[in-house]
Amino acid sequence: MTRRETYEAKTEELLQPLVDAHGFELVDVEYVKEAGNWYLRAYIDKPGGIAVDDCEVISRALSDKLDEEDYIEDSYILEVSSPGLGRPLKKDKDFQRSIGKEIEVRTFRAIDKQKEFIGILKEFNKDSFTIVIEDNEMTFQRSETALVRLAFDF
């Protein structure tokens with residue numbers, strides 16, 4: 001495991017009991033470098049959506065836990081937020097929640113000269129998922145997709 005993956009996994013372990021205690025869902029944790037700064041981001045959700053106050057409660061509790069454990073060597077900025085409308089589908093529970101919904105798929109390599117697809121999520125397993133596009137089914141390998149997220153129109 002890379003250092004980034006280790007930090008994300010350890011943070012998930014610390015965070016899961018905190019979000020469970022408040023009836024929230026832990027959507028994702030990421031440790032990324034952007035514009036010269038490291039960010040530790042936690043995305044949480046609940047039915048009806050997450051409010052700023054919810055994020056603040058989890059942020060304070062997580063910050064205390066991170067100070068106790070002190071396993072991240074770099075200085076970083078902690079952010080706790082809602083995953084937003086365009087959140088990626090990464091885990092099985094994300095795919096399960098999205099069965100029957102329209103999703104956007106971006107592939108690393110072009111398929112028939114195309115890298116972006118939008119269709120209704122029909123089924124998934126640990127390795128692949130199938131969408132329906134105008135009565136045609138397309139199956140994608142998860143490892144070959146750059147992004148999978150709910151499609152949304154403005």
Side-chain angles (χ1 to χ4, degrees), residues 1-98 101-111 113-119 121 124-129 131 139-154:
M1 250 196 327
T2 66
R3 181 176 66 138
R4 180 184 58 81
E5 291 169 333
T6 301
Y7 291 167
E8 289 172 353
K10 179 72 173 162
T11 302
E12 278 194 38
E13 287 176 25
L14 292 177
L15 192 51
Q16 193 64 60
L18 300 174
V19 297
D20 288 347
H22 288 85
F24 302 155
E25 173 192 355
L26 176 57
V27 175
D28 198 14
V29 172
E30 64 180 8
Y31 185 70
V32 295
K33 191 167 194 173
E34 294 176 358
N37 292 315
W38 283 101
Y39 290 86
L40 179 62
R41 292 190 178 113
Y43 298 97
I44 59 174
D45 206 358
K46 71 177 182 185
I50 285 291
V52 173
D53 292 343
D54 300 327
C55 294
E56 182 181 355
V57 165
I58 297 301
S59 180
R60 288 178 192 269
L62 178 58
S63 182
D64 291 344
K65 289 282 189 190
L66 290 167
D67 288 345
E68 288 172 22
E69 297 288 327
D70 197 29
Y71 55 88
I72 299 177
E73 299 170 14
D74 313 300
S75 60
Y76 61 91
I77 298 165
L78 174 63
E79 294 180 350
V80 176
S81 69
S82 161
L85 288 176
R87 81 185 199 196
L89 307 182
K90 293 182 177 181
K91 300 176 180 176
D92 283 352
K93 65 182 176 182
D94 300 327
F95 280 88
Q96 183 61 49
R97 182 178 35 242
S98 301
K101 295 183 180 173
E102 189 173 57
I103 64 170
E104 176 184 344
V105 179
R106 292 188 189 159
T107 57
F108 291 116
R109 292 190 187 97
I111 300 170
K113 299 180 182 178
Q114 188 176 342
K115 284 186 165 185
E116 293 186 18
F117 305 87
I118 295 178
L121 180 61
F124 73 95
N125 61 44
K126 68 180 182 74
D127 299 315
S128 65
F129 59 93
I131 65 173
T139 299
F140 299 88
Q141 296 302 308
R142 282 182 168 187
S143 61
E144 296 174 1
T145 57
L147 176 69
V148 181
R149 68 178 176 191
L150 289 174
F152 51 96
D153 296 321
F154 289 104

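Quick caveat: nothing in here was measured; it's all calculated off a predicted structure. The analysis underlying the following values was restricted to heavy atoms, covering all of them including side chains, and did not include hydrogens, waters or symmetry mates.
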- Can you check whether Gly84's main-chain N or O pairs, donor with acceptor, with Ser82's side chain at less than 3.5 Å? yes

- Message: If I take atom CG from residue Leu78 and atom CD1 from residue Ile58, how far apart are they, to the nearest 0.5 angstrom?
- Response: 11.0 Å

- Message: Determine whether Glu30 and Tyr43 satisfy the following criterion, side-chain hydrogen bond (donor to acceptor under 3.5 Å, both in side chains), listing intermediate values before the conclusion.
- Response: CA-CA 9 Å; Glu30 64 180 8; Tyr43 298 97; 2.9 Å; yes

- Note on the structure: Closest heavy-atom pair, Ile103 versus Ile131, reported as atoms and distance to 0.1 Å, is CD1-CG2, 3.5 Å

- Query: What's the shortest heavy-atom distance between Gln141 and Ser128, and which atoms?
  - Reply: NE2-CB, 3.7 Å

- Task: Under the side-chain contact (heavy atoms from CB on, under 4.5 Å) rule, what do Tyr71 and Thr6 come out as? Steps first, then yes or no, please.
- Result: CA-CA 10 Å; Tyr71 55 88; Thr6 301; over 6 Å; no

- Message: Looking at Lys115 and Phe108, would you say the former's side chain and the latter's main chain have a donor-acceptor pair under 3.5 Å?
- Response: yes

- Message: If we ignore hydrogens and angles and just use 3.5 Å, is the side chain of Thr11 paired with the main-chain N or O of Tyr7 as donor and acceptor?
- Response: yes

- Item | Where Lys46 and Phe24 come nearest, the two heavy atoms and their spacing | CD-CE2, 3.7 Å

- Taking it one step at a time, do Gln16 and Asp20 satisfy side-chain hydrogen bond (donor to acceptor under 3.5 Å, both in side chains)? CA-CA 6 Å; Gln16 193 64 60; Asp20 288 347; 2.9 Å; yes

- Donor-acceptor contact present, side-chain Thr2 to main-chain Glu5, <3.5 Å: yes

- Message: Working to the nearest 0.5 angstrom, can you tell me the gap between Gln96 CD and Leu89 CG?
- Response: 11.5 Å

- Message: Using every non-hydrogen atom in the two residues, find where Ser81 and Cys55 come nearest and quote the distance to one decimal.
- Response: CA-SG, 3.6 Å

- Query: Does Thr107 reach the side chain of Glu144, with side-chain heavy atoms less than 4.5 Å apart?
  - Reply: no

- Which pair of non-hydrogen atoms, one from Leu150 and one from Ser98, has the smallest distance, and what is that distance? CD2-OG, 3.6 Å

- When rounded to the nearest 0.5 Å, the distance separating CD1 of Ile50 from CD1 of Ile44 is 4.0 Å

- Between CG on residue Asp28 and CG on residue Asp45, distance to nearest 0.5 Å: 12.0 Å

- Item | Non-hydrogen atoms of Lys126 and Asp92 that approach each other most closely | CA-OD1, 4.5 Å

- Rounded distance [0.5 Å steps], OH in Tyr76 versus OH in Tyr31: 8.0 Å

- Message: Return the CG to OG1 distance between Leu147 and Thr145, rounded to the nearest 0.5 Å.
- Response: 8.0 Å

- Would Val80 and Leu15 satisfy side-chain contact (heavy atoms from CB on, under 4.5 Å), going step by step from the backbone distance to the final call? CA-CA 11 Å; Val80 176; Leu15 192 51; 5.9 Å; no

- Message: Could you check whether any side-chain N or O of Asp94 sits under 3.5 Å from a backbone N or O of Lys91, counting only pairs where one atom can act as donor and the other as acceptor?
- Response: yes

- Mind checking whether Phe140 and Phe117 have ring centres under 6.0 Å apart? yes

- Task: Can you establish whether the number of heavy atoms outside Arg3 located under 6.0 Å from its atom CZ is more than 12?
- Result: yes

- Within the distance-only criterion (no hydrogens, no angle test), does the side chain of Asp54 pair as donor or acceptor with the backbone N or O of Ala51 below 3.5 angstrom? yes

- Task: State, yes or no, whether a side-chain contact exists between Glu13 and Glu69 at a heavy-atom distance under 4.5 Å.
- Result: no

